[in-house]
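Before any comments, here is the structure.
Chain letters run A, B, ... following the sequence lines, proteins first, then strands; residues in each count from 1. Given the structure is predicted, the values throughout are model-derived calculations rather than measurements.
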Amino acid sequence: MARILITSAIPYINGIKHLGNLVGSQLPADLFARYKRGRGDEVMFICATDEHGTPAELAAAKAGKPVAAYCAEMHEVQAEIAKGFRLSFDHFGRSSSQRNHKLTQAFAGKLAENGLIREVSEKMIYSIDDGRFLPDRYVEGTCPNCGYDSARGDQCDNCTKQLDPTDLINPRSTISGSTNLEERETKHLYLMQRSLKDKLEAWIDSKTDWPVLTTSIAKKWLNDGDGLQDRGITRDLHWGIPVKKGDQPWPGMEGKVFYVWFDAPIEYIAGTAEWADANGKADADWERWWRTDKGAADVTYYQFMGKDNVPFHTLSFPATILGSGEPWKMVDYLKSFNYLNYDGGQFSTSRGRGVFMDQALSILPSDYWRWWLLSHAPESSDAEFTWENFQASVNKDLADVLGNFVSRVTKFAKSKLGDVVPAGGDYGPEEAALIADLGARIRAYEACMDAIEVRKAAAELRAIWVIGNEYLQAAAPWSAIKTDPARAEAMIRLSLNLIRVYAILSRPFIPDAAQAMMEAMGSSDWTWPGDVPEALRALPPGHAFTVPENLFRKITDEERADWQLRFAGKRD
RNA sequence: GGCUGGGUAGCUCAGUUGGUUAGAGCACACGACUCAUAAUCGUGGGGUCGGGAGUUCAAAUCUCCCCCCCGCCA
């Protein structure tokens with residue numbers, strides 16, 4: 001039994017994510033976790049909310065709440081929605097947890113001990129009225145280059161010139177609009193990534209099986225221009241992890257916190273510790289997933305994320321781990337995704353364009369979304385969501401091909417042969433052919449899933465569903481029952497068994513429908529069909545089954561038109 | 001401006017190291033079936049593989065130039 005560690009990029013605490021965010025990290029991670037569990041592997045699947053930083057503080061202020069309370073509340077909201085999408089995290093943690101505080105401080109302490117931290121004094125813009133230092137993009141003013149009056153502190157959107165906030169003429173805070181700003185000297189810690197460049201490069205070069213999208217981004221950051229740069233890992237904020245050297249104070253850094261991108265990936269580890277705490281486990285129980293000196297040497301670690309997260313996971317976080325000099329588990333396979341576009345444009349949080357996770361669940365059950373999103377995952381390039389495509393896929397694949405198969409088999413069986421698996425006849429050549437065909441298809445499906453080829457796996461699964469309809473059409477039990485009832489009974493016995501196998505194979509994609517199929521077959525045996533002939537005899541003659549409600553309903557043209565209009569983008 | 005990825009049937013996408021008439025699903029047409037959610041199964045039509053030039057016995061696949069789209073960086 002293999003041991004599989006899986007983490008999904010952790011969603012930012014500020015607001016509800018859209019379907020593009022979902023399909024880029026959490027959903028495919030869940031698919032893989034469910035598949036590996038289904039195969040009998042030992043899986044640890046961790047996700048969390050990313051809670052620190054200026055945007056969280058501002059969102060809390062806007063909501064009129066203390067930031068800690070705001071984050072606690074939003075964490076619950078995101079946790080509920082994750083449950084709604086059946087995301088099967090072993091733990092959904094919080095980057096603001098005490099576990100992460102301790103661990104982040106411990107990493108910083110180790111890095112300092114190893115001479116990889118340097119202190120830098122720099123001038124930053126301080127807003128007296130806001131009572132805070134302003135990150136570059138929160139300062140606006142007139143561009144010294146082109147005179148554009150809404151240039152941001154990091155760049156002028158008009159002439160695209162790269163700026164320093166102190167270059168701006170008549171600078172103002174975008175938070176309050178205040179012009180009561182001044183430059184203040186402040187001290188920050190920098191992680192000396194340049195000293196780790198060779199180690200990082202060697203590590204990345206050893207990952208020959210990673211997607212080009214992943215390695216090309218990493219190499220570009222390593223080698224472009226002046227190469228990998230040292231990175232500030234602290235900020236002048238109130239909300240965050242206080243800067244400490246292990247459990248000791250850090251002289252001169254009082255009142256400062258770690259930068260959100262420093263502590264966020266460490267939460268993968270801390271989240272596993274939170275899992276242990278929440279389940280009454282010992283430290284050894286989470287350490288066996290993360291410490292190669294404490295049992296994690298045989299763990300295979302997979303990360304899932306959108307392409308915008310790749311630099312942090314191929315360079316910054318590995319720099320933290322390598323720099324610590326401690327035997328932490330590093331990622332073995334990094335699966336990155338492109339973006340999902342919405343109906344010819346981008347999803348837009350600010351303009352409310354596209355479907356957000358809460359809205360999606362309010363109009364259709366999660367399986368519908370899971371199926372479409374995963375079968376159209378943006379793997380090789382950016383992908384496109386359209387309502388026409390969504391309607392067509394759901395209606396055809398889920399309702400007509402799979403749902404109708406379950407319906408036609410169970411209804412025929414019940415009305416013609418009774419409430420239990422019929423006993424007559426035995427499997428003949430047609431059944432043997434089906435079993436052989438199915439076996440080959442299942443192996444292809446497994447290969448795609450093992451390689452995390454999400455779209456191809458979905459296509460294989462669909463083909464497996466089609467096999468059932470092809471068989472029924474050719475075998476025609478509705479004819480056989482008139483002339484050779486025993487043959488018809490054997491056909492139906494096989495078909496009912498097929499439904500149970502479909503439940504097992506489909507569970508990673510559509511867990512609720514899979515559950516309904518399994519329950520209708522009166523079984524709870526989720527054993528992966530490694531031996532197909534045996535799996536198709538799992539429900540013996542005389543075994544009771546029921547006719548389930550229709551697994552999926554169809555999306556009407558009216559609904560489609562309505563939703564298209566509703567999500568076109570007006571949300572405040 | 002630099003870089004990644006992409007531009008293949010009406011739509012969403014596959015096309016391994018260049019090699020027989022370029023594939024799948026949907027949509028469309030025709031046929032079969034009638035157990036089933038007007039579902040299913042079969043057959044078929046449909047593409048100068050973004051444009052141009054080149055290498056080769058042979059290019060969607062390699063080289064060069066150009067044009068678009070998403071994104072990242074500067």
Side-chain angles (χ1 to χ4, degrees), chain A residues 20 24 154-156 159-163 211-226 229 306-312 336-347 371-373 375-417 447-448 451 453-463 465-482 488 491-492 495-496 499 547-556:
Chain A
D154 52 350
Q155 173 177 36
C156 174
C159 68
T160 74
K161 186 176 169 59
Q162 182 76 3
L163 300 172
V212 192
L213 181 66
T214 302
T215 48
S216 66
I217 292 174
K219 291 198 171 174
K220 179 175 163 42
W221 281 57
L222 271 176
N223 299 317
D224 245 37
D226 298 330
Q229 296 299 301
K307 58 185 170 185
D308 52 328
N309 270 322
V310 169
F312 300 101
S336 56
F337 289 85
N338 287 286
Y339 292 137
L340 180 68
N341 289 318
Y342 178 82
D343 216 1
Q346 291 180 14
F347 277 86
W371 174 251
W372 189 88
L373 290 168
S375 61
H376 294 77
E379 291 181 295
S380 58
S381 65
D382 290 354
E384 178 83 10
F385 177 92
T386 66
W387 286 101
E388 289 80 1
N389 192 302
F390 178 67
Q391 179 193 27
S393 293
V394 164
N395 289 357
K396 194 69 186 176
D397 300 346
L398 296 182
D400 294 347
V401 175
L402 177 61
N404 181 54
F405 176 75
V406 172
S407 182
R408 67 195 296 206
V409 168
T410 52
K411 285 179 181 172
F412 180 85
K414 184 179 166 64
S415 67
K416 307 286 203 253
L417 299 167
C448 292
E453 296 267 11
V454 178
R455 295 176 84 123
K456 286 180 183 171
E460 287 296 340
L461 180 59
R462 187 188 188 282
W465 296 337
V466 168
I467 286 176
N469 283 313
E470 287 172 351
Y471 166 76
L472 271 191
Q473 201 65 32
W478 49 88
S479 300
I481 199 164
K482 294 169 190 160
M491 291 171 191
I492 291 303
S495 300
L496 289 168
I499 292 174
V547 177
E549 290 295 307
N550 280 346
L551 257 30
F552 301 98
R553 72 174 185 83
K554 295 197 187 189
I555 296 167
T556 65

Contact nearer the 5' end of RNA chain B, comparing A:Lys396 with A:Leu472: A:Leu472
Nearest-angstrom distance, P atom, B:U63 to B:U43: 39 Å
Nearest-angstrom distance, C1' atom, B:U8 to B:G25: 15 Å
Rounded interatomic separation in angstrom, taking CD from A:Glu384 and C1' from B:G6: 13 Å
Working for side-chain contact (heavy atoms from CB on, under 4.5 Å), residues A:Met491 and A:Leu472: CA-CA 8 Å; A:Met491 291 171 191; A:Leu472 271 191; 5.8 Å; no
Main-chain N/O of A:Cys448 paired to A:Glu460 side chain as donor or acceptor, under 3.5 Å: no
Distance, P atom - from B:G10 to B:G1, rounded to whole angstrom: 32 Å
Side-chain N,O (A:Arg462) to OP1/OP2 (B:C26) below 4.0 Å: yes
Between B:C41 and B:U55 - P atom distance, rounded Å: 49 Å
Touch class at under 4.0 angstrom, heavy-atom based, for A:Ala392 against every strand present: sugar-phosphate
Candidates B:C26, B:C41, B:U12 - which lies nearest the side chain of A:Arg455: B:U12
Nearest-nucleotide pick for A:Ser407, side chain only, options being B:A36, B:A14, B:A27: B:A36
Whether A:Phe390 and A:Trp387 hold their rings parallel, tilted or perpendicular, with breakpoints at 30° and 60°: perpendicular
Below 4.0 Å: OP1/OP2 of B:C35 and any side-chain N or O of A:Lys414: no
Complementary nucleotide of B:U63, counting Watson-Crick and G-U pairs under 3.5 Å: B:A53
Gap between atoms CG and P, on A:Asn309 and B:C73 respectively (whole Å): 12 Å
Short side-chain to backbone donor-acceptor contact, A:Asn469 and A:Val401, under 3.5 Å: yes
Separation of the C1' atoms in B:A14 and B:G47, to the nearest angstrom: 15 Å
Any N/O donor-acceptor pair, A:Asn404 side-chain to B:A39 base, under 3.5 Å: no
Rounded distance in Å - CH2 (A:Trp372) to P (B:G25): 19 Å
Selection from B:G42, B:U12, B:U40 that lies nearest to any side-chain heavy atom of A:Glu470: B:G42
Donor-acceptor pair, side chain of A:Ser375 and main chain of A:Trp371, under 3.5 angstrom: yes
Gap in Å between the two P atoms, one belonging to B:G44 and one to B:A60, rounded: 24 Å
Identified pairing partner of B:G25, criterion: Watson-Crick or G-U wobble below 3.5 Å: B:C11
Shortest side-chain distance from A:Gln473, nucleotide among B:A32, B:C13, B:U34: B:A32
Minimum-distance nucleotide (side-chain atoms of A:Ala399 versus B:U37, B:U12, B:A36): B:U37
Ring centroids of A:Phe412 and B:C35 base under 5.5 Å with planes under 30°: no
Touch class at under 4.0 angstrom, heavy-atom based, for A:Val466 against every strand present: sugar-phosphate
Residue whose nearest RNA chain B nucleotide is more 5′ - A:Ser479 or A:Gly403: A:Ser479
Validation row: A:Ile481, A:Phe412 side chains within 4.5 angstrom (heavy atoms): yes
Rounded distance in Å between the C1' positions of B:U21 and B:U48: 16 Å
Base partner of B:G47, which must satisfy Watson-Crick or wobble distances under 3.5 Å: none
Interatomic distance where CG belongs to A:Asn550 and P belongs to B:A38 [whole Å]: 9 Å
A:Lys554 side chain, from C-beta outward: closest of B:U40, B:U37, B:C35: B:U37
Derivation and outcome, side-chain contact (heavy atoms from CB on, under 4.5 Å), residues A:Trp372 and A:Asp397: CA-CA 9 Å; A:Trp372 189 88; A:Asp397 300 346; over 6 Å; no
Donor-acceptor pair, side chain of A:Asn395 and main chain of A:Lys554, under 3.5 angstrom: no
Sugar-phosphate only, base, or nothing, as touched by A:Ala476 at under 4.0 Å among non-hydrogen atoms: nothing
Sugar-phosphate only, base, or nothing, as touched by A:Leu551 at under 4.0 Å among non-hydrogen atoms: base
Touch class at under 4.0 angstrom, heavy-atom based, for A:Phe552 against every strand present: base
B:C73 to B:C13 separation - C1' atoms, rounded to the nearest Å: 29 Å
A:Asn389, nearest nucleotide to its side chain (from B:A14, B:U37, B:U12): B:U12
Rounded interatomic separation in angstrom, taking CZ from A:Phe405 and C1' from B:C41: 13 Å
For atom CG of A:Leu496 and atom C1' of B:C35, their distance in whole Å: 13 Å
A:Tyr339 OH - B:U4 C1' separation (whole Å): 12 Å
Short side-chain N/O contact from A:Lys456 to OP1 or OP2 of B:C13, under 4.0 Å: no
Separation of atom CG in A:Leu402 from atom P in B:A39, rounded to whole Å: 16 Å
